[in-house]
Every structure is written in structure tokens, then in C-alpha cells.
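Heads up: the structure comes next, in C-alpha cells.
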Amino acid sequence: MMTFYWAPQSRAGRMFWALEEVEANYEVATVDFRSDPPVHPEGFTAASPLRKVPALRDGALEMADSAAIALYLADRYAPRRLAPALDEPDRGAFLTWLFYTPSVLEPAMVEKMADLPPRPQSYAWGNFDRALGAVEARLEGRDWLVGEAFSMADLMVSGTLQFMQIFGMLTPSSRQATWMERCFSRPAYAAGRARETALMA
Ligand SMILES: N[C@@H](CCC(=O)N[C@@H](CS)C(=O)NCC(=O)O)C(=O)O
């Protein structure tokens, strides 16, 4: 059984959806990073060098970071279903969009929240509007970010846009909203939300 290190009201929430997509057998270990000192369940600090959730243990494997975990779960437990195979041309776009969250969208969020002066050619994420504009452009004429089917790239990016929406940083365009609805109508999304909600009751 896998151990999923999670904290309420955190980015780790989106990993319930990913775990449910691959029908994983997992237990949840709750991290409390808001208490002083923080509560770190057994095995957590070894799995997450920065002490951040989400993190995952699967047998001897331990890892952290949402996009990395999503990629691991897809490749290990749902090959060709939630990620294109290593030798498929779509693998390139898949990796680009899967890691668009940690490498572009989340840094762009911080730029916006901190009101940093924009330096779109120097900052790796361009700037907030350019980062979101690329998502908008990518979705033109597409149901999914990559290929003809939902993938972990859709999960990561739609989950992040939802996070931005909750924090009042984004009003999704109609194209983005339609695609997000398509993503969130997946049974695994509902199953993940239910599992997380039960833990917070
Ligand atoms: N890119 C990381 C970000 C993780 C992250 O920032 N987690 C925050 C909660 S939203 C955290 O664990 N903070 C606790 C701390 O820094 O002590 C991911 O998505 O996995």
C-alpha cells in the first residue's frame, strides 16, 4: 500500500485526484506544517527534502512534488492511459505541460502575489499574463492539452487554475472554464474530493 503525505488546505489536495485516476491503494499520513513545531509523520522528511506536501512512499520508493508524483503514478500504474508512452511524439508536449505547473504557473503566481516588477524575458515563467495566455492558446480547438485524451498534464494544469481561481487570482476564460469542467467531470476527480472531504470532517 502506498503512503500519501497530505496536509489539509494545501497543494497536496490535487494528488487525491491523481491517486484515484490510477485506482491506487493508499493510506493518508497527515502533515501539520502550520503547527509549531510542525507534525511530520514517520517517513515524511525522508521523502520530502523541503518538508513540503505532497509526498509519496510506494514500497522502497519515496518522492515529493505534485508533477513528479503525477508522472510516476501515470508511468507506473497507467501506462499509455494517463501519459503518452516514452517513444510517442506527444510525450514531448505532455512533459512540457505536465511541468508547466511547477516551472511556470506557480512561480508566476508568486510574482503576482508579491507584486514583483515584471521581467518577462528574464524570469523563467515570463509573467503571469503570458503564462496564462499560453494555456489559452494551447486549448484553442482542443479538448485536452495533449493529444486526444485526458492526461496527467490536464490534471496538473486544471488543478492549478482552480487553485488560482479559489485565491481570486484568475477568472477563467470561457475556453478555460469549458476545459476545466471537462477535467472535473471525471469520476476520479469526484472520488478524490470525497476522500479528502472525509478526512477534513
Ligand atoms: N511544487 C510543490 C509545492 C508544494 C508546496 O508548496 N507545499 C506547501 C503547501 S501548499 C507546503 O508543504 N508547505 C509547508 C512548508 O513549507 O513547511 C508541489 O506542488 O508539490
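Values reported hereafter were calculated over all heavy atoms of this structure, with side chains retained and with hydrogens, waters and symmetry mates removed. Just so you know, ligand 1 is whichever comes first in the structure, and atom 1 is the first atom listed for that ligand.
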Once you round to the nearest 0.5 Å, how far does OG of Ser10 lie from CG of Asp32?
11.0 Å

At a heavy-atom distance under 4.0 Å, which protein residues reach ligand 1? Sort them by chain and number, would you?
Ser10, Arg11, Arg14, Phe33, Arg51, Lys52, Val53, Pro54, Asp65, Ser66, Glu106

Looking only at the aromatic ring of each residue, does the gap between the centers of Phe16 and Phe4 stay below 6.0 angstrom?
yes

Any side-chain donor paired with an acceptor under 3.5 Å for Asp65 and Tyr72?
no

Pairwise distance CZ(Arg119) to CH2(Trp125) - rounded to 0.5 angstrom:
9.0 Å

Tightest non-hydrogen contact, residues Glu111 and Phe128, listed as OE2-N, 4.1 Å

Check: Thr160/Arg14 side-chain N/O donor and acceptor closer than 3.5 Å
yes

